[in-house]
Amino acid sequence: MTETLFGGPTLPPAYPERAAWGTAPKLRAWQQEALDLYLKSSPRDFLAVATPGAGKTTFALRVASTLIDSGAVNRVTIVAPTDHLKRQWADAAAKVGIAIDPNFKNSDGQHGRGFIGVAVTYAQVASKPMLHRAKTEAARTLVILDEIHHGGEALSWGDGLREAFDPAVRRLSLTGTPFRSDTSPIPFVEYAEDRDGIRRSKADYTYGYGNALRDHVVRPVMFMAYSGQMRWRTSAGEEMAASLGEAAVTKDITSHAWRTALNPAGEWIPAVLAGADRRLSEVRRTVPDAGGLVIATDHEDARAYAGQLKRITGESPTVILSDDAKASSKIEEFSAGDKRWMVAVRMVSEGVDVPRLSVGVYATSTSTPLFFAQAVGRFVRARKRGETASVFLPSVPQLMALANSMEMERDHALDRPEKEDGDGLFNPEDSLMEEANREEKASDSLTKGKFEALDSQASFDRVLFDGGEFGTGGEVGSDDEMDFLGIPGLLDAEQVGMLLRQRQHEQLNRRNRKAPAAAAESAAPAVPDHRMLMDLRNELAKNVAAWSARTGTPHGVVHTKLRTVCGGPPVAQANAEQLKSRLRKLQDWFVGRK
């Protein structure tokens, strides 16, 4: 037993043969250890924390089978976040001989004949807690609470769960992401005060991503970050330009540059989708059925991304929309097939099991740690040793920090100040998972109305892996990009790290060899240096911002004045000399104002 939500001993895993979700006949080492602990203590409440893809369902169904066989329980209620997961649980339970009814509705009163229990959603329980309490009291009930952190999403939900399942003889709580963006207590979870006086949740058994990676239970994840130059117009008519992920800009500029990158009409998203598809082709050399998933912000973007993928691949991707009644069947069909790509509107982010997903594109502006962890969790489930995962994402500080902390151990803490947001884990304004998983047409349209995306260009930035950063950047389609897109699809974590270091060393040597030749040919017409251009654009943007702050002149007006005085095209098309000329003119203005 551990005192916090992550930690505990590392054991070598057992490798079950490939089996349906949640039905592996042979337990992994962590599952067996957790089962032994459960049976030894026979607790009424038990919280198991295991990283996405580690096999929580197999563990829970083995607990259920054991309790049913011993006569300790004679009814099972499974509570899941979504309707799709209800059916997924019922299918997995059926394969191990437990008949669960996922079609039960509150209006039914009783579940179907021949079933030992039901699978319901958290919302379903919260809407009729007394109905579920009566069912729980009528039998010796085991309640399995899948992704229990959802139980704290609203006061009514938490109260409903407590009301409905207080009479249960056993409650087994599961989660892969044991932290929340707020301080709402999670029902049936124990909290203990630490030395700082903060109450933190306690798990009975934990199995984190770091341990799972070392045991080869989950895949190593490489994050392929892409930057580039963005240009947009604000509602005030200002024309703005910034490099995606530039550290020395405001949160608003970062947000607008990020949204500009995700605009289907620009060049950034098609370039990143093409890179991701090249990566998928490389992975499919050794994993023939490997699939890819694009997580979009809304329906409009999802359809546009799907059209771009069709042009890139010649194959129509599977599109999963939140209002599509056939969404679950489409996910199941994609999971069982060998199509290359699926595009979803954020809803394929938690618990949904598509083990062949190996490549992802994080094309949404959602950046809560909870959503990010669950989204990345769709790609980490290992089917055999050596499979890797690759997630493509915008090079923005929020996502870079989350990608670099994949192995960070977190828990759910209460008593935090309402204004605390320094670690990115608590921000009352952040959308919770339920909000992030549905299309918010009104809020999206309001946000999009604040600016007009004008154009975007993509450039390869770097690879993030195991807390390290690799690569020297490069143009899309360059050898610098292909060095990393072409990494083999079957490597363990140590091999991935070794190969990434080797590729970076080769890039540095290649760049050093080119430097003397470039100096010798300085008199000849030079090929534009994209990194120098990016640096100059960033420097110009900073100086324009400073001049705007000093004079009160809008950014767009400053840029227009510089173009008039110095000549040349807009910033995004200007060459190095034109950018330097504008910087010199700005400096003259600053000197003249002293």
Side-chain angles (χ1 to χ4, degrees), residues 222-231 243-245 257 260-285 290 292 294 304-315 317 340-341 358-363 388 390-396 455-465 469-489 499-500 502-515 517-518 525-537 572-576:
M222 292 179 287
F223 293 96
M224 308 286 187
Y226 281 72
S227 185
Q229 194 69 16
M230 307 296 135
R231 194 167 60 90
S243 175
L244 185 64
T260 300
L262 299 181
N263 189 328
E267 296 179 17
W268 191 91
I269 242 321
V272 172
L273 291 177
D277 189 66
R278 286 194 292 271
R279 176 68 189 144
L280 182 60
S281 293
E282 182 61 42
V283 173
R284 286 170 74 105
R285 293 177 187 272
V294 180
Y305 297 163
Q308 290 168 341
L309 281 170
K310 183 177 181 180
R311 288 190 289 274
I312 292 168
T313 67
E315 175 185 291
R340 293 178 71 89
W341 284 99
S358 299
V359 177
V361 179
Y362 195 88
T388 63
S390 305
V391 177
F392 289 68
L393 41 73
S395 183
V396 294
D455 57 56
S456 61
Q457 287 85 38
S459 61
F460 178 71
D461 187 5
R462 55 193 143 155
V463 175
L464 288 78
F465 176 74
E469 299 184 358
F470 307 88
T472 57
E475 294 285 356
V476 169
S478 67
D479 290 342
D480 292 330
E481 180 193 30
M482 292 307 300
D483 281 345
F484 295 103
L485 296 184
I487 287 176
L499 190 53
L500 287 173
Q502 177 186 328
R503 294 288 165 89
Q504 175 160 284
H505 181 70
E506 291 171 354
Q507 286 191 358
L508 290 172
N509 285 342
R510 188 162 62 220
R511 183 158 294 187
N512 291 336
R513 287 194 300 269
K514 289 180 179 179
V527 174
D529 184 330
H530 71 94
R531 297 185 72 81
M532 180 179 68
L533 287 174
M534 182 179 295
D535 290 341
L536 287 169
R537 288 170 186 153
Q573 285 82 43
N575 61 34

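Residue numbers run from 1 in the order of the sequence given.
Two residues are said to be in side-chain contact when any heavy atoms from C-beta on lie closer than 4.5 Å; V272 and Y362 fail this criterion. With contacts defined as side-chain heavy-atom distances shorter than 4.5 Å, the pair I269/Y305 qualifies. The shortest distance between side-chain heavy atoms of F484 and F460 falls below 4.5 Å.
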### Working for side chain to side chain contact (heavy atoms under 4.5 Å, CB included), residues R284 and R340
CA-CA 9 Å; R284 286 170 74 105; R340 293 178 71 89; 3.8 Å; yes

### Task
Start with the C-alpha gap between D277 and W341, add the side-chain angles, then the distance that decides, and say whether side chain to side chain contact (heavy atoms under 4.5 Å, CB included) holds.
CA-CA 9 Å; D277 189 66; W341 284 99; 2.8 Å; yes

### Task
Evaluate the side chain to side chain contact (heavy atoms under 4.5 Å, CB included) criterion for residues F223 and V463: first the C-alpha distance (whole Å), next the side-chain angles of each, then the deciding distance (0.1 Å), finally the verdict.
CA-CA 6 Å; F223 293 96; V463 175; over 6 Å; no

### Task
Starting from the C-alpha separation in whole Å, work towards a yes-or-no answer on side chain to side chain contact (heavy atoms under 4.5 Å, CB included) for L485 and F392.
CA-CA 11 Å; L485 296 184; F392 289 68; 3.6 Å; yes

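Taking CG from L499 and CD from E506, the interatomic distance works out to 8.0 Å, rounded to the nearest 0.5 Å. The CD atom of Q502 lies 9.5 Å from the CG atom of D483; values are rounded to the nearest 0.5 Å. From Q229, atom CD reaches atom OG of S243 across 5.5 Å, with rounding to the nearest 0.5 Å.
L464 and E469 make their closest contact through CG-CG, 4.1 Å (heavy atoms, listed as atom of the first residue, atom of the second, distance). Considering all non-hydrogen atoms of both residues, T388 and P488 come closest at OG1-O, 4.2 Å. The heavy-atom pair separating A290 from V283 by the smallest distance is CB-CG1, 3.7 Å. For the residue pair R279 and S390, the shortest heavy atom distance occurs at NE-OG, 3.0 Å.
For R462 (side chain) and G471 (main-chain N/O), no donor-acceptor pair under 3.5 Å exists by modelled atom type. Within the 3.5 Å criterion, the main-chain N or O of W268 finds a donor-acceptor partner in the side chain of S456. With hydrogens and angles ignored, the 3.5 Å screen pairs no side-chain donor or acceptor of E481 with any backbone N or O of V476. Side chain of Q504 to backbone of L500: no donor-acceptor contact under 3.5 angstrom is found. Checked by atom type and distance alone, the side chain of T313 pairs as donor or acceptor with a backbone atom of L309 at under 3.5 Å. Within the 3.5 Å criterion, the main-chain N or O of L273 finds no donor-acceptor partner in the side chain of Q308.
Between D461 and S227, the side chains place no donor N or O within less than 3.5 Å of an acceptor N or O (distance only, hydrogens not considered). There is no side-chain donor-acceptor pair under 3.5 Å between S459 and E475.
Ion pair R285/E282 flagged as a salt bridge, since at least one NZ, NE, NH1 or NH2 atom sits closer than 4.0 Å to an Asp/Glu carboxylate oxygen. Salt bridge annotation for R231-D455: present, with a cationic side-chain nitrogen under 4.0 angstrom from a carboxylate oxygen.
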